There are 2 protein chains.
Amino acid sequence: MPLAPLFRPIDVAPAYQKVADAIEREIVNGRIKPGDPIGTEHDLVRQFGVNRSTIREGIRVLEEGGLISRDSSRRLHACLPRYTKLASRLSRALVLHEVTFRELYEASMTLEVASIEGAVERATEENLSELTDNLARSEAVVGDPAMLAECDAEFHVLVAKASQNRVLQLAREPAAQLFYPTTEMIVTGVAEGGPRLVAAHRHLIDAIRRRDREAGVLWTRRHLQDWRRGFEKIASLDRSVEHMYMEHAQAARRR
Amino acid sequence: MPLAPLFRPIDVAPAYQKVADAIEREIVNGRIKPGDPIGTEHDLVRQFGVNRSTIREGIRVLEEGGLISRDSSRRLHACLPRYTKLASRLSRALVLHEVTFRELYEASMTLEVASIEGAVERATEENLSELTDNLARSEAVVGDPAMLAECDAEFHVLVAKASQNRVLQLAREPAAQLFYPTTEMIVTGVAEGGPRLVAAHRHLIDAIRRRDREAGVLWTRRHLQDWRRGFEKIASLDRSVEHMYMEHAQAARRR
DNA sequence: TCTGTCCCTTTGTCCGACAAAGTTAGAGCG
DNA sequence: CGCTCTAACTTTGTCGGACAAAGGGACAGA
């Protein structure tokens with residue numbers, strides 16, 4: 001006969017974790033606002049009554065989570081976690097889980113279509129000028145696969161931004177980061193890949209400007225299908241995203 | 001006349017960061033596989049030639065990122081980052097960025113519809129039995145808003161799982177975690193909310209079983225619109241997700 | 001087979017220390 | 001008076017060593 005649960009598990013956490021939790025709570029509850037200074041390590045030593053080493057371990061945890069960071073003079077302050085940094089954590093996780101390009105493709109089809117729909121509906125003039133600026137730069141580097149791939153990645157970030165939906169922006173980012181390296185490979189390997197990519201971007205901007213949802217969705221689909229066809233010339237969609245791709249993502253995160 | 005760039009920028013990072021980066025690289029490159037033991041702190045001290053405090057700070061960084069963890073005996077080993085833990089970081093970020101429920105709703109409409117489409121297409125018998133099991137539990141607690149909200153959250157996780165698309169699974173999770181607390185409030189406030197929720201789940205399972213995509217999409221939309229109607233009875237969609245909701249997410253993360 | 005004990009290892013925490021880099025206050029100068 | 005330069009002072013990153021608590025393993029005894 002199993003024992004009736006007399007006791008709840010005791011909350012026994014290491015001190016550094018408690019320090020991190022306490023500071024996190026203050027930030028997430030809004031009592032410490034982004035930009036507000038956290039004290040110096042010595043201050044925290046006094047406040048929490050633990051050793052500086054312990055404080056420092058707690059700080060590392062929060063720093064990695066993006067909740068606090070150090071300014072130019074290395075003083076601590078709360079800050080808003082940055083999307084790209086968080087997304088690169090997710091990308092890394094997807095790589096480790098060995099997701100396939102098919103999963104990436106399918107999810108992106110959904111997410112990028114949703115982005116363009118939002119952009120068509122709500123893009124501002126500023127969004128449009130950012131996009132046209134990106135297009136101009138893309139046209140200038142259409143012969144350079146590495147640069148073009150970078151422009152392409154930025155283009156889609158800008159589309160998502162134009163959707164004014166930050167949840168969507170964040171949701172699409174991890175998958176997008178894993179796409180990025182393959183775009184370069186495809187543009188390198190497929191002769192008319194570059195021009196087609198730029199043409200698709202042009203049509204997408206046009207659709208956003210005309211608030212033509214159908215066209216936006218259509219050209220997003222085509223754009224992604226182009227990617228897929230290009231990719232299938234060099235590998236199977238059912239291959240898992242490989243570890244080596246992460247080198248790109250790692251470099252991107254540090255930037 | 002500007003100087004020709006004689007020197008590359010030196011990579012100047014604190015030692016603890018270099019330790020973390022070095023270990024991360026080995027894991028992400030696959031040379032250390034999930035489950036493999038990392039040495040003891042003393043081993044790492046010897047290998048990197050730095051102080052144990054420095055090693056420990058590096059370890060905290062990786063631990064927070066979910067790349068390594070400690071087993072029952074607190075020994076270090078590499079591990080696969082867990083979706084829910086990563087997603088809660090994102091949820092936290094979304095709260096701090098003060099996203100609105102409208103953004104959450106719109107993104108979820110896209111993501112949950114995509115999930116059900118995948119589930120309809122690819123759900124296995126095991127997925128279905130998990131879902132029906134969840135349904136049974138939901139029916140049992142239809143009068144208890146807190147428990148029902150928990151079941152609802154799990155239901156949608158199971159649907160996403162049934163889509164066999166881990167990218168989608170991961171992408172929907174942050175938004176879903178922010179939904180969860182409101183579901184409880186809505187079911188509490190709206191009399192027929194509980195039964196409607198359970199009925200929707202029943203229809204969704206049915207659609208998956210019959211591989212009826214139209215029905216799946218339809219009922220997902222209805223289910224979300226129900227949430228929206230319920231929510232608008234207690235607050236505006238344009239309100240930002242508030243800090244207090246995070247307490248739920250925090251509790252969930254620890255679990 | 002199970003249990004209690006002893007020993008060794010490992011982790012979590014603490015203390016004190018120091019160099020390097022940043023900050024602040026004050027002296028010196030125009 | 002306002003500006004620059006220098007000399008304290010502070011803070012961070014790193015180091016060395018220390019110790020208690022908890023875990024793991026081996027071993028004896030019931």
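Just so it is clear, the model here is predicted, and its values are computed rather than measured.
- Atom C1' of nucleotide dT12(D) and atom CD1 of I68(A) are separated by 13 Å, given to the nearest angstrom.
- Between R56(A) and the phosphate of dG12(C), there is no side-chain N or O to OP1/OP2 separation shorter than 4.0 Å.
- The OH atom of Y16(A) sits 11 Å away from the P atom of dT11(C) (whole-angstrom rounding).
- In the set dT13(C), dT11(C), dT14(D), dT11(C) carries the atom at the smallest distance from any side-chain atom of R70(B).
- One atom, CG of D43(B), and another, P of dT11(C), lie 8 Å apart when rounded to the nearest Å.
- Atom C1' of nucleotide dT14(D) and atom CZ of R60(A) are separated by 11 Å, given to the nearest angstrom.
- E57(A) has its CD atom 10 Å from the P atom of dC14(C), to the nearest Å.
- Listed by first and then second residue, the ring pair (Phe, Tyr, Trp, His ring centres under 6.0 Å) pairs that reach into residues 70-92 of chain A are Y83(A)-H97(B), sequence neighbours excluded.
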Nucleotide by nucleotide, nucleotides 16-21 of chain C touches protein heavy atoms under 4.0 Å in the pattern (B base, S sugar-phosphate only, - none) -B---S

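- Shown here are the salt bridge (Lys or Arg N to Asp or Glu O under 4.0 Å) partners of D43(B), two or more places apart in sequence or in another chain: R46(B).
- For residues 168-177 of chain B, the salt bridge (charged side-chain N to carboxylate O under 4.0 Å, His left out) pairs, not counting sequence neighbours, are E112(B)-R172(B).
- Of the N and O atoms on the side chains of E103(B) and T100(B), at least one donor lies less than 3.5 Å from an acceptor on the other residue.
- In this structure, the side chains of P34(B) and C79(B) stay at 4.5 Å or more apart for every pair of heavy atoms.
- Closest to the R75(A) side chain, of the nucleotides dT23(C), dT14(D), dT12(D), is dT23(C).
- Atom C1' of nucleotide dG13(D) and atom CG of L76(A) are separated by 13 Å, given to the nearest angstrom.
- Not counting sequence neighbours, the partners of D133(A) by the salt bridge (Lys or Arg N to Asp or Glu O under 4.0 Å) test are R137(A).
- Per the geometry, NE2 belonging to H42(A) stands 13 Å off C1' belonging to dC9(D), to the nearest Å.
- In this structure, Y16(B) has no ring-ring contact (aromatic ring centres under 6.0 Å, His included) partners at least two apart in sequence or on a different chain.
- Scored by the side chain to side chain donor-acceptor pair (under 3.5 Å) test, D36(A) finds no partners at all (sequence neighbours excluded).
- End-to-end axis angle of the helix from dT1(C)-dA30(D) to dG30(C)-dC1(D), using five pairs per end and rounding to 10°, comes to 20°.
- Counting to the nearest Å, the C1' atom of dT12(D) and the CD atom of E63(A) are 11 Å from each other.
- In this view, F48(A) satisfies the ring-ring contact (aromatic ring centres under 6.0 Å, His included) rule with no residue, not counting sequence neighbours.
- Put simply, T54(A) has no side-chain N or O that comes within less than 4.0 Å of OP1 or OP2 on dG12(C).
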